[in-house]
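Naming convention: chains lettered A, B, ... in sequence-line order (proteins, then strands); numbering from 1 in each chain. For the numbers below, each heavy atom of this structure counts, side chains included, while hydrogens, waters and symmetry mates do not.
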Number of protein chains: 2
Amino acid sequence: MATSKKTKQRDWAGSTGSHDHRLCIVDALDKAAELCSQRGARLTQIRRRVLELIWSSHRPIGAYSLLEVLKEERANAAPPTVYRAIDFLLEQGLVHRIQSQNAFIGCPNPDPNQPHNGMFLICTDCGNAVELEESKIDRLLKSSASNQGFVIESRTVEAAGLCPDCQLN
Amino acid sequence: MATSKKTKQRDWAGSTGSHDHRLCIVDALDKAAELCSQRGARLTQIRRRVLELIWSSHRPIGAYSLLEVLKEERANAAPPTVYRAIDFLLEQGLVHRIQSQNAFIGCPNPDPNQPHNGMFLICTDCGNAVELEESKIDRLLKSSASNQGFVIESRTVEAAGLCPDCQLN
DNA sequence: ATCACAAATGTTATACTATAACAATTATTA
DNA sequence: TAATAATTGTTATAGTATAACATTTGTGAT
């Protein structure tokens with residue numbers, strides 16, 4: 001259940017490919033700023049910084065890993081500091097929780113209206129995660145639930161396995 | 001993230017309906033005994049008792065809740081006692097982990113060959129959970145992953161919402 | 001501007017979840 | 001029945017998350 005299991009530092013096309021990841025970060029922060037401003041939500045320094053740290057890779061990152069970094073910049077950072085920021089970012093739909101790892105990852109496509117639950121492919125070897133957009137699966141799940149009279153409000157879909165790169169190595 | 005959020009003590013047709021739950025338990029224990037015997041796996045007293053406790057309701061139950069009960073019967077029960085039993089039961093596919101709750105639930109249909117990952121509908125009101133069998137969703141997920149060159153090894157699918165009963169109350 | 005209020009952050013403590021490491025005991029089988 | 005493997009006992013600790021209350025900072029009304 002530990003979230004800090006070591007992973008190789010490698011990327012794969014589906015998630016990060018050979019791209020300039022700085023652009024991901026800038027883009028995510030820009031989107032976040034705009035969304036928050038539209039909503040009258042305050043993207044404070046701490047919140048912005050935590051979002052930036054979460055976006056620092058395409059791997060889910062745990063709260064205490066974030067805290068370690070934050071502490072170097074803010075002597076008085078404590079667990080509530082990071083958990084509050086995370087709670088805010090989750091509420092705004094800017095990040096997702098990866099339940100199977102007790103970790104968090106940036107949402108590449110924050111919904112302007114309301115947050116959505118992501119669906120993820122997570123490589124067990126390199127640790128990279130990519131968010132799927134599969135409305136079909138969502139519809140199937142909803143209808144399957146509906147058959148039982150059950151109404152879905154939120155869901156967790158996380159698939160673990162090997163990304164293309166790690167299948168070779 | 002606490003697993004002990006209070007839930008109403010109510011059942012719903014999709015999961016438990018108005019049934020004699022003792023039969024569920026007996027049935028589950030019988031199946032477990034047979035499976036283990038076939039496999040040469042040892043369903044010891046502790047393991048059997050933990051399985052029974054997990055089956056004591058259709059709600060996922062946490063390790064420390066199990067431990068509380070176990071302690072009344074076995075003064076020296078400690079976290080490893082219950083986690084080891086859970087690990088065994090997970091390996092044998094007799095129970096599933098509910099990631100969104102750090103809790104465990106019995107598998108009503110343990111696979112004679114290898115364990116499967118469950119898919120669950122979990123009521124946020126009464127807490128009951130029911131396992132779905134939706135091979136369609138599995139296939140969709142696999143093909144969707146395959147489009148990215150990703151090979152799925154295991155997955156988590158958990159949907160939270162309201163069961164039929166709790167929609168009325 | 002400044003007061004009053006709300007929101008965010010600081011701070012300390014603690015609850016909850018899970019595993020490491022090694023010792024003792026119990027089963028299995030040669 | 002001795003040797004070995006599997007299970008359980010025991011203590012300690014790592015990792016994840018929140019409660020509760022104090023302080024500071026931002027916001028809007030006047």
Side-chain angles (χ1 to χ4, degrees), chain A residues 1-7 32 36-37 39-51 53-54 60-92 94-105 156, chain B residues 1-6 36-37 39-51 53-54 60-92 94-105 156:
Chain A
M1 189 84 274
T3 185
S4 47
K5 144 173 57 169
K6 247 166 236 148
T7 53
C36 287
S37 133
R39 292 170 180 165
R42 288 166 54 196
L43 188 62
T44 62
Q45 248 203 332
I46 296 181
R47 290 165 175 175
R48 188 187 150 87
R49 180 63 176 135
V50 168
L51 180 59
L53 290 175
I54 288 175
I61 183 170
Y64 280 76
S65 300
L66 292 167
L67 181 55
E68 266 182 46
V69 183
L70 218 55
K71 265 184 175 164
E72 291 169 7
E73 308 165 355
R74 223 169 234 278
N76 49 10
T81 312
V82 57
Y83 277 105
R84 283 164 180 161
I86 289 171
D87 285 346
F88 172 86
L89 297 170
L90 286 170
E91 275 166 20
Q92 299 299 323
L94 298 170
V95 306
H96 294 293
R97 171 193 294 274
I98 302 297
Q99 300 276 15
S100 53
Q101 300 187 15
N102 292 324
F104 306 90
I105 193 167
T156 297
Chain B
M1 190 84 276
T3 185
S4 48
K5 145 172 56 168
K6 245 165 239 150
C36 288
S37 133
R39 291 170 180 164
R42 288 167 56 196
L43 187 62
T44 62
Q45 245 203 336
I46 295 182
R47 292 164 174 175
R48 189 187 149 87
R49 180 62 178 136
V50 168
L51 179 59
L53 289 175
I54 289 176
I61 183 171
Y64 281 77
S65 299
L66 292 167
L67 181 55
E68 266 182 47
V69 183
L70 218 55
K71 265 183 173 165
E72 292 168 9
E73 307 165 356
R74 219 169 236 277
N76 50 9
T81 313
V82 57
Y83 278 105
R84 283 165 179 158
I86 289 172
D87 286 346
F88 172 86
L89 297 171
L90 286 170
E91 273 166 21
Q92 299 299 324
L94 298 170
V95 305
H96 293 294
R97 170 193 294 275
I98 301 296
Q99 299 275 16
S100 54
Q101 300 186 16
N102 293 324
F104 307 89
I105 192 166
T156 297

Quiz prompt | Verify stack between B:Y64 ring and C:dT17 base, 5.5 Å, 30 degrees | solution = yes
Quiz prompt | Atom of B:L43, atom of B:F88 and distance for their closest heavy-atom approach | solution = CD1-CE2, 4.1 Å
Quiz item: Quick one: does B:R97's side chain have a donor or acceptor within less than 3.5 Å of a partner on B:L90's backbone?
Solution: no
Quiz item: Tell me, do B:L89 and B:V50 make a side-chain contact under 4.5 Å, heavy atoms counted?
Solution: yes
Self-check item: Selected nucleotide, minimal atom distance to A:Y83 side chain, candidates D:dT8, D:dT16, D:dT11
Solution: D:dT16
Practice problem: Report yes if the side chains of B:L66 and B:I86 come closer than 4.5 Å at any heavy-atom pair, otherwise no. | Solution: yes
Exercise. Ignoring backbone atoms, establish whether A:R84 has a side-chain N or O less than 4.0 Å from OP1 or OP2 of C:dG10.
Key: no
Quiz item: For the pair made of CZ in A:F88 and P in C:dT9, what is the distance, rounded to whole Å?
Solution: 9 Å
Self-check item: Candidate nucleotides D:dT27, D:dA20, C:dA27, ranked by approach to the side chain of A:R42 - the nearest
Solution: D:dT27
Quiz prompt | Phosphate OP1/OP2 of C:dT17: any A:N102 side-chain N/O under 4.0 Å | solution = no
Quiz item: Rounded to the Å, how far apart are B:L66 CG and C:dA18 C1'?
Solution: 14 Å
Quiz item: For A:I98 and D:dA17, what is the distance between atoms CD1 and P respectively, to the nearest whole Å?
Solution: 13 Å
Quiz item: Does the side chain of A:R97 get closer than 4.0 angstrom to OP1 or OP2 of D:dA17 through an N or O atom?
Solution: yes
Quiz prompt | Euclidean distance, atom CD1 of residue A:I86 to atom C1' of C:dA8 [Å, nearest integer] | solution = 16 Å
Exercise. For B:A41 and for B:P80, find the nucleotide of DNA chain D with the closest heavy atom, then tell me which residue's nucleotide is more 5'.
Key: B:A41
Quiz item: Given atom CD1 of B:I61 and atom P of C:dC16, what is their separation to the nearest angstrom?
Solution: 15 Å
Quiz item: How many Å lie between CD on B:Q99 and P on C:dA18, as a whole number?
Solution: 9 Å
Practice problem: Could you say whether A:A75 or B:P79 is positioned toward the 5' end of DNA chain C, judged by the nucleotide with the nearest heavy atom to each? | Solution: A:A75
Quiz item: Can you tell me how far P of C:dA27 sits from CG of B:L43, to the nearest Å?
Solution: 14 Å
Exercise. Check step by step if side-chain contact (heavy atoms from CB on, under 4.5 Å) holds for A:E73 and A:Q45.
Key: CA-CA 12 Å; A:E73 308 165 355; A:Q45 248 203 332; over 6 Å; no
Practice problem: Report the distance from atom CG of A:N76 to atom P of C:dT12, rounded to the nearest whole Å. | Solution: 10 Å
Quiz item: With respect to the side chain of B:I46, which nucleotide from D:dT8, D:dA17, C:dA18 is positioned closest?
Solution: D:dT8
